[in-house]
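The structure follows.
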Amino acid sequence: MSPLTTKDLKRIFEKLDKNGDGHVSLDELSWLLERIGVQFSLTELESLVGKPSLNFDEFLFFYESISSPRHSNNKGDDQEDGINDIEEVDDEDELSDLVKAFKVFDQNDDGFISCEELQTVLIRLGLMEENSGKECKTMINAFDSNLDGQLDFEEFKNMMLLTRS
């Protein structure tokens, strides 16, 4: 998944920190993770985080720990939708992460990410304002190689691989 900037993460943190105490509670963090399709029980989240809330630096560390490629020995056949042999992605876990990320944005499960779907997810993450449809079209057009106005998995994969640091 394309890394978010520190500025993006700061905006997300501030939106999550509803009481303004400089900490994001596990409930607030769980709410965000559910919105992007990641399911953790509060017990699992507390075990992962090790404390009841995170300050901004800890939030950055948490983001880094869940967004960096994982290299586990649990490599199975969990690629989905026939996306099995993409040469540009060497790591099966990375491919699996890309498939999962694509599914977060492809809300109607039609195999494409529309401008509306992109906008909905970015608004949920606090990265975009309600009336930013033109920005979504610009983002999609930048990687829409077949000019159909939406992103298929290959276009999404290329976008994600080209925009990571």
- Query: Looking at CD1 of Ile12 and CG of Asp17, how far apart are the two atoms once the value is rounded to the nearest 0.5 Å?
  - Reply: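 So the CD1 of Ile12 and the CG of Asp17 are separated by 13.5 Å.
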- Query: Can Glu58 and Lys51 be counted as an ion pair, charged N to O under 4.0 angstrom?
  - Reply: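 Judged by the 4.0 Å cut-off on N to carboxylate O distance, Glu58 and Lys51 do form a salt bridge.
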- Task: Find out whether Phe62 and Val24 are in side-chain contact, i.e. whether some heavy atom of one side chain is under 4.5 Å from a heavy atom of the other.
- Result: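 Answer no - side chains too far apart.
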- Taking C-beta and beyond as the side chain, do Arg124 and Thr120 meet within less than 4.5 Å on heavy atoms?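 Yes, side chains in contact.
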- Message: Please find the pair of heavy atoms, one from Ser53 and one from Ser25, that lie closest to each other, and give the distance.
- Response: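 Heavy atoms of Ser53 and Ser25 come nearest at CB-CA, 3.9 Å.
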- Task: May I ask you to say whether Glu154 pairs ionically with Lys157, meaning some side-chain N is under 4.0 Å from a carboxylate O?
- Result: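 Looking at Glu154 and Lys157, the cut-off is met.
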- Side-chain heavy-atom pair His23, Leu54 within 4.5 angstrom cut-off: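 They are not in side-chain contact.
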- Is the backbone of Asn108 close enough, under 3.5 Å, to the side chain of Glu117 for a donor and an acceptor to pair up by distance?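 Looks like yes, one N/O pair under 3.5 Å.
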- Query: Do Ser145 and Glu155 meet the criterion of a side-chain donor-acceptor pair at a distance under 3.5 Å?
  - Reply: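 A pair is found: one side chain offers a donor N or O, the other an acceptor, under 3.5 Å apart.
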- Message: Any heavy-atom pair between the side chains of Phe153 and Asn158 that's under 4.5 Å?
- Response: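 The answer is no, as the side chains (C-beta and beyond) never meet within the 4.5 Å cut-off.
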- Item | Contact summary for Gly149 and Asp144, nearest pair of heavy atoms |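 Heavy atoms only, the tightest pair is N-OD2, 2.6 Å.
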- Message: In the structure I gave you, are the side-chain heavy atoms of Phe59 and Leu29 within less than 4.5 Å of one another anywhere?
- Response: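 The answer is yes, as the side chains (C-beta and beyond) meet within the 4.5 Å cut-off.
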- Message: Can you tell me how the ring of Phe156 sits relative to the ring of Phe102, calling it parallel under 30°, perpendicular over 60° and tilted otherwise?
- Response: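 Phe156 and Phe102: perpendicular rings.
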- Message: With heavy-atom distances below 4.5 Å as the criterion, would you say the side chains of Leu122 and Met139 are in contact?
- Response: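 When only atoms from C-beta onward are counted, Met139 and Leu122 do touch, with a gap below 4.5 Å.
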- Query: Atom CD in Glu14, atom CZ in Arg11: separation rounded to 0.5 Å?
  - Reply: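 One gets 9.5 Å once the value is rounded to the nearest 0.5 Å.
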- Query: Looking at side-chain heavy atoms only, is the closest gap between Leu98 and Met160 below 4.5 Å?
  - Reply: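 A side-chain contact exists here, since the closest heavy-atom pair is under 4.5 Å.
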- Message: To the nearest 0.5 Å, what is the distance between CZ on Phe105 and CG on Leu151?
- Response: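 Output value for this atom pair is 10.0 Å.
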- Between NZ on residue Lys15 and CD on residue Glu28, distance to nearest 0.5 Å: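 These two atoms lie 13.5 Å from each other.
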- Query: Is there a donor-acceptor pair closer than 3.5 Å between any side-chain N or O of Asp152 and the backbone N or O of Phe112?
  - Reply: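 No, the answer is negative, given that no donor and acceptor are paired below the 3.5 Å cut-off.
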- Distance-minimising heavy-atom pair for Gln150 and Ser114: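 Closest pair (atom of Gln150, atom of Ser114, distance): CB-CA, 4.2 Å.
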- Task: For residues Ile140 and Leu118, report the shortest heavy-atom separation together with the two atoms involved.
- Result: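 Nearest pair, atom of Ile140 first, then Leu118: CG1-CD2, 3.9 Å.
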